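Below: the structure, in structure tokens.
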Amino acid sequence: MIASAPVFAGASMRVSRLMLVTLRDDPAEAEIPSHKLLLRAGFMRRLSSGIYAYLPLLWRVLQKISTIVRQEMDTTGALETLLPQLQPADLWERSGRWAGYTAGEGIMFHLTDRQGRELGLGPTHEEVITTLAADLLRSYRQLPVNLYQIQTKFRDEIRPRFGLMRGREFIMKDAYSFHGDEDSLKQTYAAMDLAYRRIFQRCGLRTVAVEADSGAIGGSASQEFMVTAEAGEDLILASADGRYAANQERAVSLPPEALPLPSGLGAGGAGAPLSTPGQTTIEQLCGAHGFEASQLVKVLLLLARFADGQVQPLLISLRGDQQLNAVKLANAVTARLAPAHGALLAIDPLTAELVRSEKLALDLSEIPFGYLGPDLDDAVLAKTPEVMGLDLSARPGEAPGGGAATHPPSVRLARSFLRLADTTAADLAAFVCGANAVDGHRVGASWPGLGLQPEALDLRAAQSGDRCLHDPDQCLQAARGIEVGHIFQLGRKYSEALEARFTNESGVEEAFWMGCYGIGVSRLAQAAVEQHHDRDGICWPVAIAPFEVIVVIANTQEAAQVELAEGLYNELSAAGIEVLLDDRSERAGVKFKDADLIGIPWRVVVGRGAASGQVELVRRAGSEKLELPASAVCARLEIEISRGRAGVPAAG
RNA sequence: CGGGAUGUGGCGCAGCUUGGUAGCGCACUUCGUUCGGGACGAAGGGGCCGCAGGUUCGAAUCCUGUCAUCCCGACCA
């Protein structure tokens, strides 16, 4: 690894000229420590929800992070570019993402120009870059290529949150790689993995790399880099030996052993009837009859909605002691139905409210909620409510007495369930389940006995405390994390959709293999504060601190102090150290408080000892204080700071 | 979008229940004292009480609507 050059070598500034405005009280708008501190310490101001002005101190931090990112990306041979933020709709229509990204819960800001053309403000750049690659990359000889940029992204987040953590306008490094084959993609993916570890390490962040769900971006493999912090939005499950870590959305584990039903109860057929009046929950059922939750199969009814208007009822069977992982379910449903019906828009519980709000011609009154079994008959979906007067063939917009259409395409309701079962349920030889009739359950039912052969899938949520797959002696432990980076193997999803091809060695046209790699630069800055602060303020890691040293003149009316401090300030600056001089005519206490708050890693106090040439050196993180001659300060700091610029030892 | 909360000088808040024309702390300006952990005194400037309607002789206060911000859920760097 190359030694890190300082970003603003020798940059210096007087606090009196810095437009430093610090606040004594926590702003009411902020909830988590990093957000409060960045506002209090004068690093940023909110302009609107999720939209922030980066003030001079923060802009220096962001540029330092960007420089580290740039150096490490360049080291891997990636090429820096700058792509348009204003992007034509037709490009997004070609990839099939325009509707999903602009309509409904879409996150793309979009507008119409004076010619009536529709444009979107880039939330991500797969479309632009793939089009560009298709234009420029004609031959396998040009591959692989990895292009990146650092720029502002726009996302109309459903809920902006926690300052820079989830902004609507934020700075991101995004990279996209193009390959002739999957092996090449995997090589670059691995190189990005290493580059990312170096980037976070150099930024002074403790991160953990976790297996991740690919989400809406798509593709096969993906890995997230998490800054571990209490305020993190994500839940990480990791083994103590460090060999497995995953986002809970993706995590797999060994389920707890199920307790077999006592043999007398295990009839193995369709089950023996059991009267269970009013016992609609697993707790009630277990409490009343002495069952364990792992002896039960519970059934969830859900409704999946697709871009083409298809509405698909789902019947999900889970072992009674397990929870559904919504992400795994969405992936399974997408894999089965998205090819025919377009993007999966939402999966919601099948409730009367949903049926009403979606104006579905479905009567739920026949469904015995609380007593469902996996063999619930599709016939329950056949009933159309007469009172609503809805005609199945009617388009929603034309429904009698109805209001405006809720879906652009006409809604089509499938009249049979898509039945999926989690492995833990499918593996039960005999179980307790609902009788599909009010006030009744069945004991000792089996899958063959119910006439079902469920497809076993992993749909359960892994939990803290579960045993690990790689080593059953290891257990998963939960931690919270802030996602600061995410790398994906995209495969050919975008290149095929956008017909981005090159000519391979055999002279045949072929779609590119692609990867994409993101780092939330502004989020990383706040995550660093979240990880590095104390009661008094921020403790910036040296490598991304706005300045490395602050020289505080305890009393500016003492000529000896001023003279010594000015000399040190010039000496440090000349030595290539980024230094602030607090020359304000404030009392010493005010200046100490501000220095702690804004988090400069090293403080040199020029005070009472100035007459004899003595100063005090204080490290912001920790409580080290050192009296030394001013003449020794520069040499000492050069050593300490060059060490700090290299970051922290790599983790996870 | 659903649920919860809040909008009063730049920041943090009180006042609202029981209507009578706005107050405290910090910050800011000037003067004096003080000067190593957010000093003290004196004087001063700054507010369409989010916005729009309504009730009333009179509204920060009561009513209706609306907008904004924050928190909890789906989204993601």
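Chain A is the first sequence line, chain B the second, and so forth, proteins listed ahead of strands; every chain is numbered from 1. Just so it is clear, the model here is predicted, and its values are computed rather than measured.
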Quantified in whole Å, what is the [atom1] atom distance between nucleotide [N] and nucleotide [M]?
N: B:C26; M: B:G46; atom1: C1'; result: 15 Å
N: B:G19; M: B:C72; atom1: C1'; result: 36 Å
N: B:U64; M: B:G45; atom1: C1'; result: 38 Å
N: B:C49; M: B:U61; atom1: C1'; result: 10 Å
N: B:G47; M: B:G12; atom1: C1'; result: 16 Å
N: B:U30; M: B:G37; atom1: C1'; result: 27 Å
N: B:A52; M: B:C11; atom1: C1'; result: 28 Å
N: B:A59; M: B:G3; atom1: P; result: 33 Å

Next on the checklist: Need one value for A:Ser48: base, sugar-phosphate or nothing, where a base atom within 4.0 Å counts as base even if backbone is also close, heavy atoms only.
Outcome noted: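 The residue A:Ser48 makes sugar-phosphate contact but no base contact.
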What's A:Glu29 touching, base or sugar-phosphate or nothing? Going by heavy atoms closer than 4.0 Å.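 The answer is sugar-phosphate, as A:Glu29 gets under 4.0 Å only of primed atoms, P, OP1 or OP2.
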Using Watson-Crick or G-U wobble geometry with both distances below 3.5 Å, tell me the partner of [N], or none.
N: B:G46; result: none
N: B:C40; result: B:G32
N: B:C11; result: B:G25
N: B:C51; result: B:G65
N: B:C76; result: none
N: B:G20; result: B:C57

Could you check whether the rings of A:His341 and A:Phe306 sit parallel, tilted or perpendicular, using 30° and 60° as the cut-offs?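 Rings of A:His341 and A:Phe306: tilted, 30 to 60°.
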Could you give the [atom1]-to-[atom2] distance, from [X] to [N], as a whole number of Å?
X: A:Glu233; N: B:C71; atom1: CD; atom2: C1'; result: 13 Å
X: A:Met108; N: B:A77; atom1: CE; atom2: P; result: 15 Å
X: A:His35; N: B:U69; atom1: NE2; atom2: P; result: 13 Å
X: A:Lys36; N: B:C70; atom1: NZ; atom2: C1'; result: 12 Å
X: A:Gln248; N: B:C75; atom1: CD; atom2: C1'; result: 17 Å
X: A:Asp25; N: B:G10; atom1: CG; atom2: C1'; result: 12 Å
X: A:Ile32; N: B:C70; atom1: CD1; atom2: P; result: 13 Å
X: A:Arg166; N: B:A77; atom1: CZ; atom2: P; result: 9 Å

What pairs of residues pass the salt bridge (Lys or Arg N to Asp or Glu O under 4.0 Å) test when at least one of them lies in residues 515-531 of chain A, not counting sequence neighbours?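 Output for this query is empty, none listed.
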Query raised in the report: Do A:Asp234 side-chain and B:C76 base share a donor-acceptor contact under 3.5 Å?
Result: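 Answer yes: a donor N or O sits under 3.5 Å from an acceptor.
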| field | Base B:C76 paired with A:Arg155 side chain (donor-acceptor, <3.5 Å) | value |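 A donor-acceptor contact between them is absent.
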Dump every N/O contact between nucleotides 72-74 of chain B and the protein below 3.5 Å, one line per pair.
unit_1	atom_1	unit_2	atom_2	d
B:C72	OP2	A:Arg159	NH1	3.1
B:C72	OP2	A:Arg159	NH2	2.3
B:C72	O5'	A:Arg159	NH2	3.3
B:G73	OP2	A:Arg161	NH1	3.3

Quiz prompt | Distance test, side-chain N/O of A:Ser49 to OP1/OP2 of B:C70, below 4.0 Å | solution =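 So the side-chain polar atoms of A:Ser49 do come within 4.0 Å of the phosphate oxygens OP1 or OP2 of B:C70, strictly under.
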Requested in this report: Would you mind checking if A:Glu566 and A:Arg14 are paired as a salt bridge, meaning a charged N to carboxylate O distance below 4.0 Å?
Outcome: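 Yes, this pair counts.
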Between A:Pro27 and A:Arg168, name the one whose nearest nucleotide on RNA chain B is closer to the 5' end.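 The answer here is A:Pro27.
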- Task: Between A:Gly167 and A:Gly50, just flag the one whose closest nucleotide in RNA chain B comes earlier from the 5' side.
- Result: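 Result of the comparison: A:Gly50.
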Query raised in the report: Nearest of B:C70, B:C76, B:U69 to any side-chain atom of A:Arg523?
Result: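 Of the options given, the side chain of A:Arg523 lies nearest B:C76.
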query: B:C70, B:A77, B:C13: which one has an atom nearest the side-chain heavy atoms of A:Ala28?
result: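 For the A:Ala28 side chain, the nearest candidate turns out to be B:C13.
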Any residue meeting side-chain contact (heavy atoms from CB on, under 4.5 Å) with [X], in chain and number order, not counting sequence neighbours:
X: A:Asp156; value: A:Phe109, A:Arg168
X: A:Val590; value: A:Glu586, A:Asp594
X: A:Leu79; value: A:Val145, A:Leu147
X: A:Glu558; value: A:Asn555, A:Gln561

### Query
Are side-chain N/O atoms of A:Gln151 and A:His125 paired as donor and acceptor at under 3.5 Å?
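A:His125 and A:Gln151 do have a side-chain donor-acceptor pair below 3.5 Å.
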A:Tyr176 and A:Asp174: side-chain donor and acceptor closer than 3.5 Å?
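Distance-only check passes for A:Tyr176 and A:Asp174.
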Scan the side chains in residues 221-235 of chain A for donor-acceptor partners under 3.5 Å anywhere in the protein, sequence neighbours excluded, and list what turns up.
unit_1	atom_1	unit_2	atom_2	d
A:Ser222	OG	A:Ala212	O	3.2
A:Ser222	OG	A:His486	NE2	2.9
A:Gln223	NE2	A:Asp193	OD1	3.1
A:Glu224	OE1	A:Asn247	ND2	2.8
A:Glu233	OE1	A:Arg166	NH2	3.2
A:Glu233	OE2	A:Arg161	NE	3.0
A:Glu233	OE2	A:Arg161	NH2	3.0
A:Glu233	OE2	A:Arg166	NE	3.4
A:Asp234	OD1	A:Asn247	ND2	3.3

Query raised in the report: For the residue pair A:Val484 and A:Ala527, what are the closest heavy atoms and their distance?
Result: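 Between these two residues, the closest heavy atoms are CG1-CB, 3.9 Å.
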Heavy-atom contacts, protein to nucleotides 31-38 of chain B, under 4.0 Å, summarised as B (base), S (sugar-phosphate only) or - (none) per nt, yield ---BBBBB
Pairs where residues 600-614 of chain A contributes a residue and the test side-chain hydrogen bond (donor to acceptor under 3.5 Å, both in side chains) is met, not counting sequence neighbours: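 Sorted result for residues 600-614 of chain A: A:Asp596-A:Arg603.
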